[in-house]
Chemist: 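The following block contains the structure, expressed as structure tokens.
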Amino acid sequence: MASTGKPDILSTNVFHSEKQGVTEDKPDDLQKTVDIVVQTWKLVNQDALKHGTVFYKRLFTTHPGVVELFSFSSEVKENMDESSGLENQAYLLMAMIDYAVSQLGNLDELIPKLKDLGATHFVKYQAKPEHFKPVGESLLWTLKEGLGELFTPEVEKAWTSIYTILSDVMIEGGKAALDDGSV
């Protein structure tokens, strides 16, 4: 890979994490993880709105308390299947995941965006670090549903690794914003 002078996912050690048995030290292992995420995302993202909707239905069914964080919570409580707010949020989620996956090799671009997104979620929407676990669980479940038999243990590990890293960056941004009083 040619150097562009910018840090990328292969040359930056921000992706070292020992959480949940995840250790991504070697560039070849990390590249394989990224490749798996990119390839499987392309498959799921072919029907982005469907999978985004499945994600939120799963999240709100398994963790009903988080629905209160959303402006369309009354719609969801009334009739989840007819909620235009849920559909709009599903679109936004899938667009953000698509962006993040597309930028895994461009940390200069991705990390500040994720920190800003975390700041917005913490300050404007009252998200907390503990909300990221059910989101990750719902994402993995949605990927499993969308990929079917292609959702192997290797795919699950790759997505868990990347989600853990990205959510940690968002949490860092959120905590910093609360400490600074910014956003």
Side-chain angles (χ1 to χ4, degrees), residues 7-48 50-66 69 89-90 92-107 109-118 121-122 125 127-175:
D8 66 27
I9 200 163
L10 295 177
S11 62
T12 305
N13 201 19
V14 304
F15 284 87
H16 175 77
S17 175
E18 293 182 22
K19 289 183 181 183
Q20 301 173 354
V22 175
T23 304
E24 300 291 352
D25 284 343
K26 298 183 279 183
D28 290 344
D29 290 346
L30 187 53
Q31 186 60 55
K32 184 176 180 182
T33 298
V34 170
D35 289 346
I36 289 168
V37 167
V38 169
Q39 290 165 7
T40 55
W41 179 249
K42 286 179 185 176
L43 297 172
V44 171
N45 201 36
Q46 288 175 2
D47 197 350
K50 172 189 164 192
H51 290 88
T53 302
V54 165
F55 166 86
Y56 278 108
K57 287 180 178 181
R58 175 68 176 191
L59 179 65
F60 295 156
T61 301
T62 59
H63 297 86
V66 300
L69 298 172
Q89 188 64 34
L92 293 172
L93 171 77
M94 298 303 277
M96 187 59 211
I97 294 172
D98 190 54
Y99 172 77
V101 169
S102 76
Q103 295 301 310
L104 288 174
N106 185 1
L107 296 181
E109 178 84 15
L110 182 57
I111 289 175
K113 295 254 194 228
L114 290 174
K115 286 183 177 180
D116 288 347
L117 186 63
H121 277 74
F122 274 56
Y125 306 122
K128 295 180 172 40
E130 58 267 22
H131 293 130
F132 286 80
K133 183 178 180 191
V135 168
E137 291 168 355
S138 295
L139 176 61
L140 288 173
W141 186 88
T142 301
L143 291 165
K144 183 178 182 178
E145 291 296 303
L147 293 169
E149 64 188 33
L150 297 175
F151 190 79
T152 63
E154 184 178 42
V155 169
E156 182 176 14
K157 182 179 177 188
W159 272 98
T160 299
S161 296
I162 296 298
Y163 177 78
T164 299
I165 294 160
L166 300 182
S167 64
D168 284 351
V169 172
M170 287 182 65
I171 291 167
E172 180 184 330
K175 286 180 177 180

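Along the sequence shown, residues are numbered consecutively beginning with 1.
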Chemist: Test side-chain contact (heavy atoms from CB on, under 4.5 Å) on I97 and L139; report intermediate values, then the result.
Modeler: CA-CA 10 Å; I97 294 172; L139 176 61; 4.0 Å; yes
Chemist: Looking at NZ of K115 and CG of L110, how far apart are the two atoms once the value is rounded to the nearest 0.5 Å?
Modeler: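 Reported value, rounded in 0.5 Å steps: 11.0 Å.
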Chemist: With Y99, which residues qualify under side-chain hydrogen bond (donor to acceptor under 3.5 Å, both in side chains), at least two apart?
Modeler: E109
Chemist: At what distance, to the nearest 0.5 angstrom, does NE2 of H63 lie from NZ of K133?
Modeler: 7.5 Å
Chemist: Please report the closest heavy-atom contact between G52 and A90, naming both atoms and the distance.
Modeler: C-CB, 3.3 Å
Chemist: Is it the case that more than 12 heavy atoms not belonging to K50 sit under 6.0 Å from its NZ atom?
Modeler: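 Incorrect, the count does not exceed 12.
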Chemist: Please round to the nearest 0.5 Å and tell me the distance separating atom CD1 of I165 and atom OG1 of T33.
Modeler: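 That separation rounds to 8.0 Å.
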Chemist: Quick check: do V37 and Y163 have side-chain heavy atoms less than 4.5 Å from each other?
Modeler: no
Chemist: Roughly how far, to the nearest 0.5 Å, is the CG atom of L143 from the CD atom of E156?
Modeler: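 If we round to the nearest 0.5 Å, E156:CD and L143:CG are 9.5 Å apart.
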Chemist: Considering non-hydrogen atoms only, spot the tightest contact between F122 and G174 and give its length.
Modeler: CG-CA, 3.4 Å
Chemist: Report the residues that fulfil side-chain hydrogen bond (donor to acceptor under 3.5 Å, both in side chains) with T40, sequence neighbours left out, ordered by chain and then residue number.
Modeler: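 Once residues adjacent in sequence are excluded, the partners of T40 under the side-chain hydrogen bond (donor to acceptor under 3.5 Å, both in side chains) criterion are W159.
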Chemist: Which atoms form the tightest heavy-atom contact between Y125 and L69, and what is the distance?
Modeler: O-CD2, 3.4 Å
Chemist: Start with the C-alpha gap between W141 and L59, add the side-chain angles, then the distance that decides, and say whether side-chain contact (heavy atoms from CB on, under 4.5 Å) holds.
Modeler: CA-CA 10 Å; W141 186 88; L59 179 65; over 6 Å; no
Chemist: Quick one: do K32 and E154 satisfy salt bridge (charged side-chain N to carboxylate O under 4.0 Å, His left out)? Show the steps, please.
Modeler: CA-CA 10 Å; K32 184 176 180 182; E154 184 178 42; 2.8 Å; yes
Chemist: Ring pair (Phe, Tyr, Trp, His ring centres under 6.0 Å) with F60: which residues, sequence neighbours excluded?
Modeler: Y56, F70
Chemist: Please report the shortest heavy-atom distance between K175 and P129, naming the atom on each side.
Modeler: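 Minimum heavy-atom contact is CE-CG, 3.8 Å.
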Chemist: I need the T62 OG1 to E137 CD distance, nearest 0.5 Å.
Modeler: 7.0 Å
Chemist: Carefully, step by step, assess L140 and F151 under the rule side-chain contact (heavy atoms from CB on, under 4.5 Å).
Modeler: CA-CA 9 Å; L140 288 173; F151 190 79; 4.2 Å; yes
Chemist: To the nearest 0.5 Å, tell me how far T142 OG1 sits from L147 CG.
Modeler: 10.5 Å
Chemist: Would L114 and M96 count as a side-chain contact (heavy atoms from CB on, under 4.5 Å) here? Give the steps.
Modeler: CA-CA 10 Å; L114 290 174; M96 187 59 211; 3.9 Å; yes
Chemist: Over all heavy atoms of both residues, which pair between Q31 and D35 is shortest? Give the atoms and the distance, please.
Modeler: NE2-OD1, 2.6 Å
Chemist: Locate the shortest heavy-atom distance separating M94 from W41; write the atom from each residue and the value.
Modeler: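 Minimum heavy-atom contact is CE-CH2, 3.2 Å.
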